[in-house]
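Structure, as structure tokens:
In what follows, chains carry the letters A, B, and so on, assigned in the order in which the sequence lines appear, proteins first and then strands, with residues in each chain numbered from 1.
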There are 2 protein chains.
Amino acid sequence: MPASSTPLGHEPLSQEALRARLTAHGIGATAQRLEIAALVLSEPQHVTAEIVLSRLGALGRRVSKATVYNTLNLFAARGLLRTLAIDPDVTWFDSNTDAHFHIQHVDSGELVDLDPHSVRLVGLPPLPPGTEVAGIEVVIRVRAQTG
Amino acid sequence: MPASSTPLGHEPLSQEALRARLTAHGIGATAQRLEIAALVLSEPQHVTAEIVLSRLGALGRRVSKATVYNTLNLFAARGLLRTLAIDPDVTWFDSNTDAHFHIQHVDSGELVDLDPHSVRLVGLPPLPPGTEVAGIEVVIRVRAQTG
DNA sequence: ATATGTGCAAATCCTTTGCATAGAA
DNA sequence: TTCTATGCAAAGGATTTGCACATAT
């Protein structure tokens, strides 16, 4: 576990800081990974592989789709990102790894963080014997008001 | 599956009752739909298209994969089932349409209802303006205890 | 008859994978 | 070197779709 370079972990990060962050997580700092890290880790956000790919394209950086998927999955495995398994259509990656919940617009798929202080999960559910919590996800799906 | 309780609409259903239920929801009562309804609506449970397909096969009923998907989606659209969009690998359909949350085993994918009385969501999240709640999903993912 | 539903196969879409090449230690 | 990462295209798996045939009212 790192915790060395960035207190909150989401300040605009220098190339050096990014490299240190990857290294601290046991991730080799390649050009492509640094590009993706710069896009994704600089501030809390929700991204899909497709989004990362298009942003890279907009910046003129050419990174293959396979590498984007590999990198996002690697970051998630090493704790730099959190995988959100709440959308059947696409895998979302969250650069905010703190415990928090989400609002999703069902029409656009867009995700928004839920204010951690506004909603709370109360009560200890009886877990199946021999199991432990791997993660908790709360999604409030919203749509445009009808009528 | 021990039916310790019997939520609304989950009594063992006769062919007549099933037909009436479909008709009441504006669904034409075809042979295939009745087969699937008998399997799925008779008691609260979580199923995937694949599960329904294999159960039908085990009973010697031949229903095409396309029809199983069409039927489950139709049932969900008409309110007989609830779609659970919490598993990136597969779409789960829940024949318990009452508000409740879930525990999922990350290894097997298996879903279990969370006792509605043990866990509660507290606090009103500020919804994006012009939106209304379409649904709320809470998933507690568990895994086999390590160590 | 006339509108609907079913089944098969092909098509889609997201994601992963195999393998040859390129880069880093 | 020697190990690891990248890129391309193909593979994979769940779900949808087009269309001809069958069914129901």
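With sequence neighbours excluded, no residue forms a ring-ring contact (aromatic ring centres under 6.0 Å, His included) with B:H105.
Defined by atom type and a distance below 3.5 Å, a donor-acceptor pair is missing between the side-chain atoms of A:H100 and A:D115. Checking B:H46 against B:N96 by side-chain atom types alone, no donor-acceptor pair falls below 3.5 Å.
Here C:dC8 presents its P atom at 16 Å from OH of B:Y69, a figure rounded to the nearest Å. The interatomic distance linking B:E50 (CD) with D:dG12 (P) rounds to 17 Å, in whole Å. Atom pair B:L72:CG and D:dA14:P shows a separation of 15 Å (rounding to whole Å applied). With rounding to whole Å, A:W92 atom CH2 is found 11 Å from C:dT15 atom P. Protein atom CD1 of B:I86 is 16 Å distant from nucleotide atom C1' of D:dA14, rounded to whole Å. The distance from atom CZ of B:F75 to atom P of C:dG5 is 12 Å, rounded to the nearest whole Å. Remark: P of C:dT15 and CG of A:L53 are 11 Å apart, rounded to the nearest angstrom. Between B:D89 atom CG and D:dT15 atom C1' there is a gap of 13 Å when expressed in whole angstrom units.
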Do any N or O atoms of the protein come closer than 3.5 Å to N or O atoms of nucleotides 2-7 of chain D, and which pairs are they?
from	atom 1	to	atom 2	distance (Å)
D:dA5	OP1	A:R33	NH1	3.1
D:dA5	OP1	A:R33	NH2	3.2
D:dT6	OP1	A:T30	OG1	2.8
D:dT6	O3'	A:Q32	NE2	2.9
D:dG7	OP1	A:Q32	NE2	3.4
D:dG7	OP1	A:R62	O	3.4
D:dG7	OP2	A:S64	N	2.9
D:dG7	OP2	A:S64	OG	3.1
D:dG7	OP2	A:T67	OG1	3.0

If you look only at distance, which donor and acceptor atoms sit under 3.5 Å apart when one is on a side chain in residues 134-141 of chain A and the other is two or more places apart or in another chain?
from	atom 1	to	atom 2	distance (Å)
A:E137	OE1	B:R141	NE	3.1
A:E137	OE1	B:R141	NH2	2.4
A:E137	OE2	A:A85	N	3.3
A:R141	NE	B:E137	OE1	3.1
A:R141	NH1	A:I86	O	3.3
A:R141	NH1	A:Q104	OE1	2.4
A:R141	NH2	A:I86	O	3.1
A:R141	NH2	B:A85	O	2.9
A:R141	NH2	B:E137	OE1	2.4

Output, in order, the C-alpha distance, side-chain angles, deciding distance and verdict of side-chain contact (heavy atoms from CB on, under 4.5 Å) for B:T67 and B:R33.
CA-CA 9 Å; B:T67 295; B:R33 288 171 180 172; 5.9 Å; no
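In the hydrophobic clustering of ILVMFWY residues, with side-chain heavy atoms under 4.5 Å counting as a link, B:V68 and B:I51 come out together.
Across the interface with DNA chain D, nearest-nucleotide mapping of B:A29 and B:T91 shows B:T91 to be the residue nearer the 5′ end.
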